[in-house]
Protein chains: 2
Amino acid sequence: MTMSKRDTYTPESLLAVAVQVFNERGYDGTSMEHLSRAAGISKSSIYHHVRGKEELLQRAVGRALEGLFGILDERGARDGRAVLRLEYVTRRTTEVLMDELPYVTLLLRVRGNTPTERRAMERRREFDQRVSELLKDAVAEGDLRADVEARLATRLLFGMINSLVEWYRPDGRGAEGADQVVDAVVRLAFDGLRA
Amino acid sequence: MTMSKRDTYTPESLLAVAVQVFNERGYDGTSMEHLSRAAGISKSSIYHHVRGKEELLQRAVGRALEGLFGILDERGARDGRAVLRLEYVTRRTTEVLMDELPYVTLLLRVRGNTPTERRAMERRREFDQRVSELLKDAVAEGDLRADVEARLATRLLFGMINSLVEWYRPDGRGAEGADQVVDAVVRLAFDGLRA
DNA sequence: ATAGATTAACCGAATGTTCGGTCGGGACAA
DNA sequence: TTGTCCCGACCGAACATTCGGTTAATCTAT
């Protein structure tokens, strides 16, 4: 290994560091000084790679949104009986959330203080609306219970999935493999806790 | 009406304003200037009522934690078969969350940047641990499914309940009454989405 | 009832620090 | 050499809080 080799950042690698710190401290609770310490470069060096703090946020939430909306374009989300599509979307959303955990985490925590955040929140509402329609279709086809209002059910379902950002860690805690988590989500969501 | 009448704040009423703004903008995204504008008094006047920004946070999360831990002391959470206790706790947690929505919302969003936040997070972990044990008991008594690990199931269950802070609004959106929401939570949690 | 004393609630200015970002220059690698 | 990547010093604005003072309300003595 050559010690004279300079480890340099790319916008991508810098983003990964930034997103991690944003998630730990919150976006507003993270100063550029915090970022520079975490990245091991000076604060001003960051501006070589990105125009500003908000650009980091924009890239991160953009990546998360791309992942989520991508699911809705997949075959399993478009073809077939509504309840199967909903189950597919449930699985894939859980998988994307775990694959892009830092980015989706950040997305789910935006508040609306900046234009970037407000746009991200708007996009999230679109996604929720799409899924709510899917759930409504499954109820109409008689596969899902009708005694819980579709919008409410959607919110509770995605509330559960999105909660993964609060506790799921890819490095594994005990026997929690990714597949186990996905299966658990689907089981609890569709069949509940009861034996 | 006499225009010279002075509307004064109490720590309680000021807290309510603060918590609302904290929830809109995030704690770190909220400056004392934001608070002073929302409260309609000067920034410095706030310090007559509270020692500092963090004291507001401390009071708010304290109130939320008091509500949640209070549930665990209630009769329905202590006596009877584990699955009934779990259902009771599920209902009561949902109710407390809705009754103390601003305070629980703030609690659920703390990050850990201040001592107050770190202590609150520690307390939340205690609460989660208590509930996880209850769910484990219900599995052991054969009332709840054993194919989903108890800790994971607890997290998904409370993930769903806690998601209310993101979308539940007491002023009602359509037919969403509080009782309807509580019933929906219990139904989806214990019996799932399937018809 | 009234005036003076006291207190609570409030104010704008000031303070020291931190914020996101800029600038001129240096270090590094090809 | 040149372009990329980085640096420390610096900027004006904003941060949470303190300071000395004002105002309105309340209390007390007459």
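Lettering follows sequence order; numbering is per chain, from 1. Every value quoted in this text rests on a predicted model; they were computed, and no experiment measured them.
- When the P atom of C:dG24 is taken as reference, atom NE2 of A:H48 falls 18 Å away, rounded to whole Å.
- Taking 4.0 Å as the cut-off between side-chain N and carboxylate O, B:D79 and B:R75 count as a salt-bridged pair.
- Within the nucleic acid shown, A:T10 has no heavy atom closer than 4.0 Å to any nucleic acid atom.
- Using a 4.0 Å heavy-atom cutoff across all strands shown, A:S36 reaches no nucleic acid atom at all.
- For B:Q58, the side chain to side chain contact (heavy atoms under 4.5 Å, CB included) partners are B:T116, B:R119, not counting sequence neighbours.
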task = Check the pair A:S31 / A:H34 against side chain to side chain donor-acceptor pair (under 3.5 Å), numbers first and verdict last.
result = CA-CA 5 Å; A:S31 66; A:H34 288 123; 2.9 Å; yes

Heavy-atom protein contacts under 4.0 Å, nucleotides 11-17 of chain C, coded B base, S sugar-phosphate only, - none = BB-----

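- Residue B:N113 contributes atom CG, which lies 15 Å from atom C1' of C:dC19 at whole-angstrom precision.
- A:I46 has its CD1 atom 11 Å from the C1' atom of D:dC6, to the nearest Å.
- Where B:E33 and A:H49 each meet DNA chain D at their nearest nucleotide, the meeting point lying more 5' is that of A:H49.
- Between the CD atom of B:E55 and the C1' atom of D:dA16 there is a distance of 14 Å, rounded to whole Å.
- For B:Y9, the listed nucleotide lying nearest its side chain is C:dC10; candidates were C:dC19, C:dC10, D:dT4.
- Ion pairing between A:E166 and B:R124 fails under the 4.0 Å rule for side-chain N and carboxylate O.
- Atoms CE (B:M32) and P (D:dA13) sit 23 Å apart, rounded to a whole Å.
- Spacing between atom CG of A:D28 and atom C1' of D:dA16 amounts to 16 Å, rounded to whole angstrom units.
- Both tests do not hold together for B:R109 against B:Y27: distance to the six-membered ring centre under 6.0 Å, angle to the ring axis within 45°.
- In summary, the side chains of B:T114 and B:E117 do present a donor paired with an acceptor at a separation below 3.5 Å, with no hydrogens or angles considered.
- Atom CG of B:L14 is separated from atom C1' of C:dA9 by 12 Å (rounded to the nearest Å).
- Rounded to whole Å, the distance from CD on B:E54 to C1' on D:dT17 is 14 Å.
- Shown here is B:E66, whose CD atom has no more than 12 heavy atoms of other residues, nucleotides or ligands within 6.0 Å.
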